[in-house]
Protein chains: 2
Amino acid sequence: MLSNSSKYALKAVLYLAIHTSSENKILARDLASLINVPPAYIAKLLQELVRKNLAHSEKGPHGGFYLDELNKNEPVINFIYAIDGEDKLNSCLLGLSHCNHLNPCPLHHLANPMRDALLNNLKHKCINDLVIDIKNGKSSLPL
Amino acid sequence: MLSNSSKYALKAVLYLAIHTSSENKILARDLASLINVPPAYIAKLLQELVRKNLAHSEKGPHGGFYLDELNKNEPVINFIYAIDGEDKLNSCLLGLSHCNHLNPCPLHHLANPMRDALLNNLKHKCINDLVIDIKNGKSSLPL
DNA sequence: TTATAAAAAGATAAAAAAATCTTTATATAT
DNA sequence: ATATATAAAGATTTTTTTATCTTTTTATAA
């Protein structure tokens, strides 16, 4: 469903959303150990998010990664799209390019309503919504 | 979501369900070209399904692969489990081993209802149910 | 201005998944 | 019996994904 890369990126982003701001950054290597992801790997993923304006970074002493308020209000799906591309979540379950609602594949009716509902949630929930759940005890870390 | 291998296997199984029986087998290489899957690859996958009693084969002249009535009545999910293993569809979206309904990860509420509904469909629909849809024009090939 | 601390970029390596090739076993027909 | 057609099994190759390592750039502070 999600690649390792997307999973790691989401874990990182959740951590950043809870614990960082422009005044309070975190080093890639510290973040890595806190969310159980290889340090060099998470650094790469964060660089990609920064390039796509889904996270921020500063170089040099007292530098590090953080999320600003705009980032925290991005829909969850944007982070997945940034790392995995759009096709991964949107393509036909059987990999058929012709499959759509007018020309449904044999698994379409069985799976698409759920997929659409999931995509809808991912599009309408932002990172901050997930953080609110965590703070209300509706979901939990650690990552 | 599904590996290439599972997608290929499901396409093969659907074809076999519609077009084969113990009196009417098909060669791996013929099936391969009909469903657009590499011949050596589909042969391997079918061998795995045969080993797990989800399909049948006969060697030698007039041999080939086919599904019997029991196979056609297997739930769709069994073919996926046979190829991808059970974990792939059941593990936490973020890959967290501790995640469950009592200790939900931040994506759990957002995704699990849909995943459960999908799994339920895959468990309760058998291959023949999909074939009936195709025959009624509710879904369509080619594969 | 120099040293240092950090991310960015790019190159490389390792592991897993996808795909193919070769050999063996088995059934059928001649 | 022998030749042939097929799946089964196993080995190998290729591609993709995952992960790491090295070098460069940039910002800070002494």
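In this text, all values refer to a predicted model and were calculated from it rather than measured experimentally. By convention in this document, chain letters (A, B, ...) are assigned in the order of the sequence lines, proteins followed by strands, and residues within each chain are numbered from 1.
Put simply, the side chain of B/K59 and the base of D/dA8 share no donor and acceptor less than 3.5 Å apart.
Not a single donor-acceptor pair under 3.5 Å links the side chain of A/R115 to the backbone N or O of B/L118. Side chain of B/D68 to main chain of B/L70: a donor-acceptor pair is present (N/O by atom type, distance under 3.5 Å, no hydrogens or angles). Within the 3.5 Å criterion, the main-chain N or O of B/C99 finds no donor-acceptor partner in the side chain of B/H108. B/D129 places no side-chain N or O within 3.5 Å of a backbone atom of B/K125 that could act as its donor or acceptor partner.
Put simply, CG on A/N36 is 13 Å from P on D/dA19, counting in whole angstrom units. In this structure, NE2 of B/H62 is placed 13 Å from P of D/dA7, rounded to the nearest angstrom. The separation between B/K44 atom NZ and D/dG10 atom P is 8 Å, rounded to whole Å. The distance between atom OH of B/Y41 and atom C1' of C/dC21, rounded to the nearest whole Å, is 15 Å.
Look at A/S57 and you won't find any side-chain N or O under 4.0 angstrom from OP1 or OP2 of C/dA6.
Residue B/I26 is classed as a sugar-phosphate contact, given heavy-atom separations below 4.0 Å to backbone atoms only. When heavy atoms are screened at a 4.0 angstrom cut-off, A/L27 is found touching the sugar-phosphate backbone but no base atom. Residue-level contact check: A/A43 touches neither bases nor backbone, having no heavy atom under 4.0 Å from any strand.
Taking the side chain of A/P61 as heavy atoms from C-beta on, and the options D/dA8, C/dA7, D/dT28, the nearest nucleotide is D/dT28.
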